[in-house]
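Heads up, the thing below is written out as structure tokens.
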Amino acid sequence: MTFRVIDTETCGFNGGVVEIASVDVVNGAITRPMSDLVCPDREISPQAMAIHHITEEMVEDKPRIAVAVRRYQDHPFYVAHNAAFDRAMLPEMNGQWICTVKLARELFPNQPSYSLQNLRSSLALEAYPPEHLHPHRALYDCYVTAALLQRILNESGWEAEQMVAITERPTLLRTLKFGKYRGQKIAEIAQQDPGYLRWMLKSIADLSADMKYSLNYFLQK
């Protein structure tokens, strides 16, 4: 099986790609690294710049994403950590998407965090990104995501279409990440204060599909 692991860095949570990168995973081997800085369609926020260290000067003479993205296209399977975000940044990609966050939640349900760097540490992933890069640069994160994908493939035996199916369906979240019970198990909140979870479902309009599914799941147990 062949997968293209892809990552983007942006101007902030609202988009504006400043970097795109990928590696291919072919029969378990990481090959064909590619990366491009991108001139965005908006200013880079100070918060984003503090994370990825990509400055306006670094991208001012670079191509727009519509040009840079061309050599990353035409692959049957794209893999990303939090694929919903990268997929929204790259609507030009016409392959199927696989999300390593969702796969990790399914396969490793008791992790304290599903951020890429925390999974790298807790799972002792053998990742060897280029030494001149750092976390939150696109190519660096591609290497770590590829190592996570390799671990998932080795331990699960899932085929590509199974991983696509897991990506497309709601994922069971076990911990509440916000609100007055932040950091607590949803199963415990459902027992102690089910009214609060029902209030969340009724009153918070932008709950993710995963969170809605999880709240309903534990309320019905």
Side-chain angles (χ1 to χ4, degrees), residues 1-26 28-38 40 48 51-52 54 65-66 68-108 111 113-120 123 125 127 129-130 133-154 156 158-171 173 208-210:
M1 293 189 291
T2 302
F3 304 92
R4 177 153 295 166
V5 177
I6 201 158
D7 186 65
T8 56
E9 299 300 329
T10 66
C11 295
F13 289 116
N14 294 324
V17 176
V18 296
E19 188 176 40
I20 180 173
S22 74
V23 297
D24 289 351
V25 177
V26 183
I30 298 173
T31 66
R32 202 186 176 204
M34 300 190 293
S35 66
D36 289 282
L37 289 170
V38 175
I51 294 171
H52 51 53
I54 298 171
I65 186 60
V69 77
R70 292 172 186 167
R71 67 185 184 130
Y72 299 87
Q73 292 177 311
D74 300 321
H75 200 279
F77 297 106
Y78 292 102
V79 180
H81 201 68
N82 189 13
F85 180 83
D86 294 284
R87 187 175 191 173
M89 295 301 102
L90 301 169
E92 304 89 348
M93 303 305 196
N94 54 10
Q96 293 182 290
W97 284 80
I98 293 168
C99 179
T100 50
V101 172
K102 288 198 167 190
L103 298 182
R105 283 177 175 152
E106 184 92 2
L107 190 60
F108 309 115
Q111 293 296 308
S113 168
Y114 291 90
S115 74
L116 186 57
Q117 293 307 314
N118 281 330
L119 286 172
R120 181 185 186 183
L123 298 176
L125 298 176
L133 296 177
H134 55 78
H136 303 295
R137 285 299 297 269
L139 186 57
Y140 185 106
D141 288 354
C142 283
Y143 273 90
V144 180
T145 303
L148 176 58
L149 175 66
Q150 289 173 313
R151 173 66 66 82
I152 289 168
L153 288 168
N154 289 338
S156 69
W158 290 328
E159 298 291 336
E161 294 298 342
Q162 290 174 280
M163 295 190 289
V164 170
I166 292 169
T167 297
E168 292 180 348
R169 71 184 184 224
T171 299
L173 308 177
S208 68
D210 290 341

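Owing to the predicted nature of the structure, the values given are computational and were not obtained by experimental measurement.
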Checklist entry - Looking only at atom types and distance, does a side-chain atom of Glu9 sit under 3.5 Å from a main-chain N or O of His52, one as donor and one as acceptor? => result no
Report task. Take Leu116 and Asp141, measure what side chain to side chain contact (heavy atoms under 4.5 Å, CB included) needs, and give me the verdict at the end. Result -> CA-CA 8 Å; Leu116 186 57; Asp141 288 354; 3.9 Å; yes
Separation between CZ (Arg4) and CG (Asp24), nearest 0.5 Å, reads 4.0 Å
Does Asn154, at its CG atom, have more than 12 non-hydrogen atoms belonging to other residues, nucleotides or ligands within less than 6.0 Å? yes
Value for NE2 (His136) from CD (Gln117), rounded to nearest 0.5 Å, stands at 6.5 Å
Tested for side-chain contact (heavy atoms from CB on, under 4.5 Å) against Leu133, the lone hit among Pro130, Pro129, Pro135 is Pro130
Heavy-atom nearest pair, Pro170 first then Ala209, reads CB-O, 4.2 Å
On a heavy-atom basis, the closest approach of Cys11 and Pro40 is SG-CB, 3.4 Å
Quiz prompt | Heavy-atom side-chain contact between Met34 and Leu139 under 4.5 Å | solution = no
Heavy-atom nearest pair, Val17 first then Val38, reads O-CG1, 3.4 Å
Sorted by chain and residue number, the ring-ring contact (aromatic ring centres under 6.0 Å, His included) partners of Phe77 (sequence neighbours excluded) come out as Phe3
Practice task
Verify, without hydrogens or angle tests, whether Tyr143 (side chain) and Val23 (backbone) share a donor-acceptor contact under 3.5 angstrom.
Solution key: no
Mind running side chain to side chain contact (heavy atoms under 4.5 Å, CB included) on Asp7 and Thr145 for me, showing each step along the way?
-> CA-CA 9 Å; Asp7 186 65; Thr145 303; 5.9 Å; no
Quick note, side chain to side chain donor-acceptor pair (under 3.5 Å) partners involving residues 159-170, not counting sequence neighbours, are Glu106-Arg169
Is a side-chain donor or acceptor of His134 paired with a backbone partner of Tyr140 at a separation under 3.5 angstrom?
no
The reported gap from OG in Ser22 to NE2 in His75 (rounded to nearest 0.5 angstrom) is 8.5 Å
Do Thr100 and Tyr114 have side chains that approach each other closer than 4.5 Å (heavy atoms only, starting at C-beta)? no
Next item on the list: Would you confirm whether Asp210, through its side chain, and Thr171, through its main-chain N or O, come within 3.5 Å as a donor-acceptor pair?
Entry: yes
Any heavy-atom pair between the side chains of Leu90 and Gln73 that's under 4.5 Å? no
Item to complete: Start with the C-alpha gap between His81 and Val5, add the side-chain angles, then the distance that decides, and say whether side chain to side chain contact (heavy atoms under 4.5 Å, CB included) holds.
Response: CA-CA 9 Å; His81 201 68; Val5 177; over 6 Å; no
inquiry  = Can you confirm whether Leu119 sits close enough to Arg151 that some side-chain heavy atom of one is under 4.5 Å from a side-chain heavy atom of the other?
reply    = no
Residue pairs passing the side chain to side chain donor-acceptor pair (under 3.5 Å) test with at least one member in residues 86-97, sequence neighbours excluded, are Thr8-Asp86
Nearest heavy-atom contact between Ala146 and Val25 is CB-CG2, 3.8 Å
Next on the checklist: Under a 3.5 Å distance rule, please check whether Arg120 uses its side chain to pair with a backbone N or O of Val144 as donor and acceptor.
Outcome noted: no
Audit row: Met163, Leu149, side chain to side chain contact (heavy atoms under 4.5 Å, CB included) steps and yes/no: CA-CA 10 Å; Met163 295 190 289; Leu149 175 66; 4.2 Å; yes
Between the CG atom in Asn82 and the OG atom in Ser115, the distance rounded to the nearest 0.5 Å is 11.5 Å
dist Thr10:OG1 -> Ile20:CD1 (nearest 0.5 Å) comes out at 12.5 Å
Interatomic distance, CG@Leu123 vs CG@Asn118, rounded to 0.5 Å, equals 10.0 Å
